[in-house]
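Reviewing the structure listed below.
Whatever order the structure lists them in is the order used to number ligands and atoms, beginning at 1.
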Amino acid sequence: MLKACIFDMDGVLVDTAKHHFRAWHRMAATLSIPFTEEQNEELKGVSRVDSLEKILSWGNLVLDNHKKHELMEIKNKWYLEYVNEIKSSDMLPGTQRFLSELKVAHIKLGLGSSSKNSMLILDKLGLRDLFDSIVDGNKIHFSKPHPEVFLKAAQELNVHPSEAVVFEDAVSGVDAAKAGGFYCVGIGRKEVLANADFVIGSLNEINLEKLKVEITSS
Ligand code: BG6
Ligand code: MG
């Protein structure tokens, strides 16, 4: 029985993934580390600190904690500049409609995001009040693909993972959802999100009826 839907934020509800990429790319350039869109797939869903560690390892660079802290602050400053202008029209297609449909049907709504900026973004979009539980990078110890973020959201929503569906655009996020025992809808390309139970291009391609049919036929 479907009782809750838990959404990743960046790349699922709002088109912020491109801003994360832009900011990391700019930071990597200052260190002369080449950084491609393909590598960026590996950073999606991954915490700020783990993303930095990955980029540094691609450049075979070892830095002390002070310098790493400084780099993360600069990246976040640039990221915040890029998202400063975000408004409800930057929501990805289907977001508002699907969340409203679930709300009306009394399906609980959760957020499961690695971002420490999630409250700010949700407020800019006017979405914060729709969620019954918000678990983000400030509340967790382990980055996706660890399932902590989704398990915590399910716990706050008072549902079992088998009663909830996770929506994810990142490989690490799909793996986190599956590791936690959730049914997972991938948002993006099938070739990339091969571990998801089914994949759609955006929330525009789903409604509650269709979701229930997919879950039952799986
Ligand atoms: C995830 C993004 O949602 O949040 C990652 O997919 C990002 O790209 C991570 O690194 C952490 O975000 P923030 O906003 O805390 O730097
Ligand atoms: Mg994401």
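Distances shorter than 4.0 angstrom occur between a heavy atom of Lys44 and an atom of ligand 1. Proximity of Gly137 to ligand 1 is not established, as no heavy-atom distance is less than 4.0 Å.
Rounding to the nearest 0.5 Å gives a distance of 12.5 Å between CG of Asp50 and NZ of Lys144. Taken to the nearest 0.5 Å, the CG atom of Asn65 stands 8.0 Å off from the CE atom of Met72.
Ligand 1 places these atoms under 4.0 Å from at least one heavy atom of Leu43: 5 (C), 8 (O). Near Asn117, meaning under 4.0 Å from any of its heavy atoms, are these atoms of ligand 1: 13 (P), 14 (O). For ligand 1, the atoms closer than 4.0 angstrom to any heavy atom of Lys116 are 13 (P), 14 (O), 15 (O). The Val46 neighbourhood of ligand 1 comprises atoms 5 (C), 7 (C), 9 (C), 10 (O), 11 (C), with distances under 4.0 Å to a heavy atom of that residue. For ligand 1, the atoms sitting less than 4.0 Å from at least one non-hydrogen atom of Arg48 are 11 (C), 13 (P), 15 (O), 16 (O), numbered in the order shown with element in parentheses. Residue-ligand proximity, Ser51 to ligand 1, at heavy-atom distances under 4.0 Å covers atoms 10 (O).
Using the six-membered ring where Trp is involved, Phe21 and His25 have ring planes that are tilted, between 30° and 60° apart.
Residue contact annotation: Glu168 places no N/O/S atom under 2.8 Å from the Mg ion (ligand 2).
For atom 6 (O) of ligand 1, the closest non-hydrogen atom of the protein is Gly45 N, 2.8 Å.
In this structure, Phe167 has its ring center closer than 6.0 angstrom to the ring center of Phe98.
Lys75 forms a cation-pi arrangement with Tyr79, by the criterion of a distance under 6.0 Å to the ring centre and an angle within 45° of the ring axis.
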Task: Test log, rule side chain to side chain donor-acceptor pair (under 3.5 Å), inputs Asp136 and Ser113 - done: CA-CA 5 Å; Asp136 68 7; Ser113 168; over 6 Å; no

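Its N, O or S atom nearest to the Mg ion (ligand 2) is what matters here, and for Asp169 that atom is OD1.
Look at Lys77 and Glu81 and you find a salt bridge, because one of the NZ, NE, NH1 or NH2 atoms lies within 4.0 Å of a carboxylate O, short of that distance.
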